[in-house]
Structures are given as C-alpha cells and as structure tokens.
Amino acid sequence: MINLIYAHWFPLASQGNIYSLTTLQCQKGFNKVLVSSLKRKIYSFEYNQHSKWRLKPLVKELLFTYIPNGAEIIAIDAFNKSTSGDEFVIGITITKPSGETSIERYLNIYTEGVGEEENNSLEAIAQNCLMVELSYTPYLLYHTLIPHSTGHEIVWLISGNDSKIHMIREDKQNHSYNESQIEKYFPELDQLKVIALWIDIYYYEDFQWRLTAVSCECGLFKLSKVNVKELEIAQTWILRYDNSVCSVKIFPSVNKVPKPDFLDIKYDNKQDTKLNILLTTGNLAVIFQDVLKEEMNSDITLSGNELTSDCILCSCIADINMDGQNEILLGTYKQEVLIFAFKDGLWKLIDKKLFDAPIYSMTYIDLAGDGVKVLVVLTQRSVHIMQHDTKEVMKKWKERFAKLGLLMDKNLIGKR
C-alpha cells in the first residue's frame, strides 16, 4: 500500500491530452510543472517559500505570446539548457484554422532574449517567441540530446501526420530554429512511414550507445540499438500489435543515487545497464526485461481485473515506494492509477488510486527541493499533486541515515 495524500489540486479551463504535461528542472532543486489545456490556457505550478518552515503552493496562468484566438494547443515540452543555472526553453505546438478548409500549424519556442540572462522568469520567457511554421499536423513534441565532444546539444523531435519524425535545431548564429535532416543524427528515426505516438531515447555507457523506442498509431513498435560515435544501427527489433501503442518507456530496474562529494567512502555507483522496456496498447501493458542481454525474448504481460476491461492512456516509471527499485504506474480511462512492483520474480499490482476523470499524464518529481518527490497526475479535468506521508518519509530518512552512519564507521575502521 502506497500512502499518498493530497497536497494540492487545481482545475483546468478545458481538457488537455497525453502531451499536455511537462516539467522544468531547476538547478537548485525547486522544480516546476507546466500544464496546457486545449483552449490556449497554460498553467505553472510550483512551491514558494512562504516562511522559514512553510512552503506555499502557487498556481499561475502564463500568458504566452503568439497563441492567437481560435488556436488549439497540441503539445508542450520544456528543458533547461544550462548545466549551472536556469536557462529554460519551452516548446508549444499549435494548430489554427485559416479560412474554411485550411489549417496553420506552428512550433512556438520560448526562451530568454539576447542579453537577458538575469531575467529568466517564466513570465518574461513567455513573451519571447520564435515561431517555426510546420507543413504537417504535429503529434508528440519531444526533446533529446545529441552528444558532441565539447558537450551536448538539445534538439526537438516532432512526430507528424505525414508519417515522419522531424528534428528542429537551434541556429545560434541567426537566432532562429530550423528543421535539419534527421538521418544525419538519428538514422533509426528516418523513413519510419507511420505516425509515431511516443518516442523514448536512452543513452548508456557514457553516451557511447543509445536505445531508441518508437510506438506508433498503427500498432507498430520499433526498438533500435545505435552506436552513437559511428551513428550505426547495431540492431533493430520490430513488433506489431492490434491496437495503437500509445506509450513506451525505457528504464533501469534499480535507481542509482550519486555519492555526495563530501562523503569519503567507497561506494559502488556503476550505471545499471539492465534496461527494460514498458509499452502499453489498449488494455495491455508489456515489459521486456533486460533487453541488452535478452533482446525481446523475455517479456511479461501485466495482468489484473483492473486492466481487462479498461484502456491504458499513459504510463510513468517511478520509485514510488522509495525502496530503490522502479515501479510502474499506469493511468487508465476508468480514472485509476494502477501501481505495479517487481516482487519475487513477478510484476504484481500493489496499489491503485482513484481520480475524478480519465488519466492523461503523470510525472514523479521533486517540487519542493527537499529531495522527496511527489506524484503529479493530469486528468481530463484537473491536476492533482500527491505527496508521501511525512511520518513515513521521516521513518525512511532515519533508517537510511543509520545505514550511512554504519557505512562511514566501517570505512574509517578500514583506513586505520
């Protein structure tokens, strides 16, 4: 049983979709949530320091420029392109009727203006827009990395109704964004020829390799293993299902926490390369375990009465019970979040939470900056922020602090 309690809730002016929730990762740990609704309304949620011992939830409607009357928001995504501060970039795809038979489509990219590094508030960013006109109707808006020898470049990927995936890159010299040839950087996404509903890209082994998973409207699922340095596709797996594959996630079994620099102890923090794939289609959720070793030959289908008569709309990977192992959360049309954990060699349903409407999207993120994450759930009608019971969090903290003390004592004894 996962003891989650309501921390906050706010309604939406109109419904969103599975692409309507994103997060802003702040360097100081006080992260934020952005939520869009179909009819042009965009909200931010964060916690503000109200007093020394109290945080106050803050919901704001953000007025983004160049979203005209009659436009509909399809997707929203965001990232922080700075490694030392907060330099947010927010992408919003919109469609707008133009006349009786035509539709205009745009990717609006919002970021701080030239010479405005100190003014990075969301209100200021929302006023600085660069528009990219699209010749296709957009679906998923997704950002990912292109590794370089001097650092990483972040680019946008957009799936379109033209059965292609398009890559949008920043042209710093001309202060603009333009479409680039995707086959030069992501050959596994070229010539897809179907409408992609979701993409997940996972780099591993110090960015030498990546897994790219694509789920499609026609029921196709494609997984590619790519040598990043040579840009060669080492292996590809293709599966087909009867229904649209609406979400796909690549995730490790175990979460590794980086060792703080001030701790002078031996600590095994090698990256877990036992990677799993979760895909959902209709009322079916399938986990392919340890795909780097087993490829697509070790699969488990999640079961339960809750799934047989329902439809899965979204998924989330999170260590929701704080045991170091990742759990699977499924959001359903019947207004439930189903939580599965891996126990005794099987994925078992351990809890479920009921909400006010169908579940469109979820994320598990630290909003308060205290190291404890909360579950953010976007439904058809509203946004729910669920936090862990503080008594249970305190109990977990005491247990782990005691283990850390023992580890430090053993390390000191070993050095004598």
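Numbers for residues simply follow the sequence, beginning at 1.
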For the residue pair [X] and [Y], confirm or rule out a side-chain donor-acceptor distance under 3.5 Å.
X      : Y      : answer
Glu295 : Gln235 : yes
Glu104 : Ser98  : yes
Ser247 : Ser315 : yes
Asn128 : Thr111 : no
His388 : Thr390 : no
Asp310 : Thr332 : yes
Tyr202 : Asp200 : no

Can you measure from [atom1] ([X]) to [atom2] ([Y]) and round to the nearest 0.5 angstrom?
X      : Y      : atom1 : atom2 : answer
Cys314 : Trp198 : SG    : CH2   : 8.0 Å
Ile18  : Leu197 : CD1   : CG    : 6.0 Å
Ile199 : Leu189 : CD1   : CG    : 5.5 Å
Leu24  : Leu367 : CG    : CG    : 10.5 Å
Met322 : Arg400 : CE    : CZ    : 7.0 Å
Leu278 : Asn276 : CG    : CG    : 9.5 Å

Backbone N or O of [Y] within a donor-acceptor pair of the [X] side chain at under 3.5 Å?
X      : Y      : value
Asp366 : Gly371 : yes
Asp319 : Gly324 : yes
Tyr203 : Leu145 : yes
Ser159 : Ala196 : yes
Ser244 : Cys218 : no
Asp351 : Ile339 : no
Ser37  : Ala13  : no
Ser215 : Val245 : yes
Gln27  : Ser82  : yes
Gln127 : Leu63  : yes

(request) With side chain to side chain contact (heavy atoms under 4.5 Å, CB included) as the test, would you mind laying out the steps for Thr22 and Leu141 before giving the verdict? (result) CA-CA 10 Å; Thr22 190; Leu141 176 63; over 6 Å; no
(message) Does Asn174 have more than 12 heavy atoms from other residues, nucleotides or ligands lying within 6.0 Å of its CG?
(response) yes
(message) If you count heavy atoms of other groups shown closer than 6.0 angstrom to OH of Tyr364, is the number above 12?
(response) yes
Salt-bridge contact [X]-[Y] (side-chain N to carboxylate O under 4.0 Å):
X      : Y      : answer
Arg210 : Glu188 : yes
Arg169 : Asp171 : no
Lys39  : Glu72  : yes

(message) Let's go through Lys32 and Leu122 carefully: what are the C-alpha distance in whole Å and the side-chain angles of both, what is the deciding distance for side chain to side chain contact (heavy atoms under 4.5 Å, CB included) to 0.1 Å, and is it a yes or a no?
(response) CA-CA 10 Å; Lys32 305 176 184 181; Leu122 292 183; 4.1 Å; yes
For the aromatic rings, using the six-membered ring if either is Trp, is the centroid distance between [X] and [Y] under 6.0 Å?
X      : Y      : answer
Phe340 : Trp347 : no
Phe355 : Trp9   : no
Tyr110 : Phe64  : yes
Phe45  : Tyr47  : yes
His152 : Phe207 : yes

(request) Write down the atom of Glu336, the atom of Ile359, and the distance for their closest heavy-atom approach. (result) O-CG1, 3.6 Å
(message) Using every non-hydrogen atom in the two residues, find where Cys246 and Ile312 come nearest and quote the distance to one decimal.
(response) SG-O, 3.3 Å
(request) Show the numbers, then the answer: is there a side chain to side chain contact (heavy atoms under 4.5 Å, CB included) between Tyr19 and Leu140? (result) CA-CA 7 Å; Tyr19 307 132; Leu140 172 70; 3.7 Å; yes
Any [X] side-chain heavy atom under 4.5 Å of [Y] side chain:
X      : Y      : result
Ile92  : Ile73  : yes
Leu307 : Leu284 : no
Ile300 : Val286 : no
Tyr142 : Ile165 : no
Gln325 : Phe342 : no
Ile158 : Ile168 : yes
Ile2   : Glu327 : no
Asp86  : Asn80  : yes

(request) Could you walk me through whether Glu61 and Lys41 pass the salt bridge (Lys or Arg N to Asp or Glu O under 4.0 Å) test, one step at a time? (result) CA-CA 7 Å; Glu61 180 184 347; Lys41 299 282 188 179; 3.3 Å; yes
(message) Using a 6.0 Å distance limit plus a 45 degree cone around the ring axis, check whether Lys222 lies over the aromatic ring of Trp237.
(response) no
(message) For Ile182 and Leu157: C-alpha separation, side-chain torsions, deciding distance, then whether side chain to side chain contact (heavy atoms under 4.5 Å, CB included) applies.
(response) CA-CA 9 Å; Ile182 197 168; Leu157 299 179; 4.0 Å; yes
